[in-house]
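Structure first, commentary second.
Residue numbers start at 1 and run along the sequence shown.
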Amino acid sequence: MYQLAAPAFAEIEIKKSRFLGQLYPLHTRAEARARLADIRAQHPGAVHVCWALVCTGDSGLDDDGEPSGTAAKPMYNVLVHKDVTNVLAVVVRYWGGTKLGAGGLTRAYGQAISDAFKTAQLIAVETMAEIMFSIAFADESQVRRLIEKYQAQVIAVSYTESTQMQLSMKEKQITSFIDELTEMLKGQVQISS
């Protein structure tokens with residue numbers, strides 16, 4: 001899974017209609033709505049502003065008056081094919097005076113987003129996970145050095161009969177972190193993830 005490092009743009013012309021493909025990194029539907037409002041304000045002469053949104057826990061499509069399934073769906077298909085998340089794809093269309101038909105529209109909207117991906121920089125999305133454990137008070141400073149080594153984030157720490165810590169870290173590192181933690185403390189750790 002990937003996400004955009006920065007916005008990306010492309011422009012194509014088909015039978016005098018201009019299609020402005022745009023990709024934006026974002027994380028919520030509210031951000032998407034705000035971005036779309038800005039785009040509509042920047043392009044008051046556009047006949048259509050179609051979009052497809054893919055973000056964690058929330059997606060959406062809008063053909064903005066184009067025949068159903070001819071604009072947002074091909075854009076969405078490109079996003080799925082590219083395996084991206086947290087992205088808003090927008091195509092602004094300026095009418096050229098010639099009807100393109102359903103097939104022509106589908107190809108144009110998909111191509112506008114595909115061409116925008118040619119200039120996009122994608123970064124891999126790291127899946128994060130949480131882990132909780134209890135250790136002796138005396139071991140905390142040693143464990144904090146290990147936490148820094150793994151670039152984990154301390155979410156919570158509480159002190160009762162022992163030190164309880166809750167961390168967020170890259171999911172792929174949890175097993176090696178637990179192995180190293182257990183070896184370092186000679187088994188004197190209680191994992192409760």
Side-chain angles (χ1 to χ4, degrees), residues 1-10 21-39 51-61 72 75-91 112-193:
M1 184 78 47
Y2 298 92
Q3 62 187 21
L4 293 171
F9 307 94
Q22 306 172 33
L23 298 169
Y24 297 97
L26 46 70
H27 298 282
T28 66
R29 187 177 279 266
E31 284 179 79
R33 277 195 292 277
R35 175 68 65 179
L36 286 165
D38 289 345
I39 292 168
W51 57 271
L53 169 67
V54 177
C55 63
T56 309
D58 202 2
S59 295
L61 305 169
M75 294 161 57
Y76 177 80
N77 289 341
V78 172
L79 299 179
V80 170
H81 177 73
K82 296 289 187 181
D83 197 26
V84 294
T85 188
N86 299 329
V87 63
L88 173 67
V90 180
V91 175
I113 294 303
S114 289
D115 285 2
F117 269 109
K118 291 177 183 175
T119 64
Q121 180 184 355
L122 300 177
I123 51 178
V125 175
E126 296 277 6
T127 306
M128 302 298 281
E130 291 184 9
I131 180 172
M132 293 177 59
F133 55 88
S134 297
I135 56 172
F137 295 119
D139 295 326
E140 184 177 353
S141 63
Q142 186 179 9
V143 170
R144 285 199 180 260
R145 284 191 292 280
L146 183 64
I147 291 168
E148 285 179 30
K149 175 184 170 184
Y150 279 87
Q151 296 177 334
Q153 298 293 316
V154 177
I155 297 171
V157 179
S158 64
Y159 302 98
T160 54
E161 300 87 41
S162 61
T163 302
Q164 290 83 37
M165 300 185 93
Q166 181 178 3
L167 307 180
S168 174
M169 64 190 316
K170 294 175 185 170
E171 187 174 53
K172 66 182 182 184
Q173 293 182 323
I174 286 186
T175 302
S176 56
F177 175 82
I178 291 171
D179 291 347
E180 198 168 336
L181 179 66
T182 304
E183 182 179 325
M184 182 175 73
L185 300 178
K186 297 176 178 64
Q188 299 301 306
V189 58
Q190 249 187 338
I191 311 286
S192 55
S193 68

query: Do S158 and Q164 get their side chains close enough for a donor-acceptor pair, meaning under 3.5 Å?
result: yes

message: Could you go through L26 and L53, starting from their C-alpha distance and side-chain angles, then the distance that decides it, and tell me whether this counts as side chain to side chain contact (heavy atoms under 4.5 Å, CB included)?
response: CA-CA 9 Å; L26 46 70; L53 169 67; 3.4 Å; yes

message: Once rounded to the nearest 0.5 Å, what's the spacing between atom CG of L122 and atom CE of M1?
response: 12.0 Å

- prompt: For the residue pair A8 and A116, what are the closest heavy atoms and their distance?
  reply: CB-O, 3.5 Å

task: Over all heavy atoms of both residues, which pair between L4 and V87 is shortest? Give the atoms and the distance, please.
output: CD1-CG2, 3.4 Å

message: For a quick test of reading the model, state the closest non-hydrogen atom pair linking T160 to F137 and the distance between them.
response: O-CZ, 3.0 Å

field: Salt bridge present between D115 and K118 (N-O < 4.0 angstrom)
entry: yes

- request: Output, in order, the C-alpha distance, side-chain angles, deciding distance and verdict of side chain to side chain contact (heavy atoms under 4.5 Å, CB included) for E126 and Q173.
  value: CA-CA 11 Å; E126 296 277 6; Q173 293 182 323; over 6 Å; no

message: Would you compute the distance between atom CD of Q190 and atom CE of M132 and round it to the nearest 0.5 angstrom?
response: 11.0 Å

Side chain to side chain contact (heavy atoms under 4.5 Å, CB included) between T163 and V157, worked out: CA-CA 7 Å; T163 302; V157 179; 3.9 Å; yes

field: Listed partners of D139 passing salt bridge (Lys or Arg N to Asp or Glu O under 4.0 Å), at least two apart
entry: none

query: How many angstroms lie between CE in M128 and NZ in K172, if you round to the nearest 0.5 Å?
result: 11.0 Å

query: Do D38 and Y24 have side chains that get closer than 4.5 Å, going by heavy atoms?
result: no

- prompt: Does N86 use its side chain to pair, donor to acceptor, with the backbone of C55 at less than 3.5 Å?
  reply: no

- request: May I have the step-by-step check of side chain to side chain contact (heavy atoms under 4.5 Å, CB included) for V90 and L36, ending in yes or no?
  value: CA-CA 8 Å; V90 180; L36 286 165; 3.9 Å; yes

query: So do the side chains of Q188 and I135 get within less than 4.5 Å of each other, counting heavy atoms only?
result: no

Minimum-distance pair of heavy atoms, taken over all atoms of Q22 and I113: O-CD1, 4.0 Å

- request: Identify, with sequence neighbours excluded, every residue that meets side-chain hydrogen bond (donor to acceptor under 3.5 Å, both in side chains) alongside Y76.
  value: none

message: Taking E148 first and then R144, would you say they form a salt bridge - that is, a charged N and a carboxylate O separated by under 4.0 Å?
response: no

N/O donor-acceptor pairs under 3.5 Å from side chains in residues 177-186, not counting sequence neighbours:
residue: E180; atom: OE1; partner: K149; partner atom: NZ; Å: 3.1
residue: E180; atom: OE1; partner: Y150; partner atom: OH; Å: 2.8
residue: E180; atom: OE2; partner: K149; partner atom: NZ; Å: 2.7
residue: T182; atom: OG1; partner: I178; partner atom: O; Å: 2.7

- prompt: When rounded to the nearest 0.5 angstrom, what is the spacing between CE in M75 and OG in S114?
  reply: 11.0 Å

- prompt: Can you name the nearest heavy-atom pair linking F133 to I191, along with the distance?
  reply: CB-CD1, 3.9 Å

field: Contact summary for R29 and S59, nearest pair of heavy atoms
entry: NH2-O, 2.6 Å

message: How long is the straight-line distance from CG of L79 back to OH of Y2, given to the nearest 0.5 Å?
response: 15.5 Å

statement: So OH of Y159 and CD of E140: to nearest 0.5 Å the spacing works out to 3.5 Å

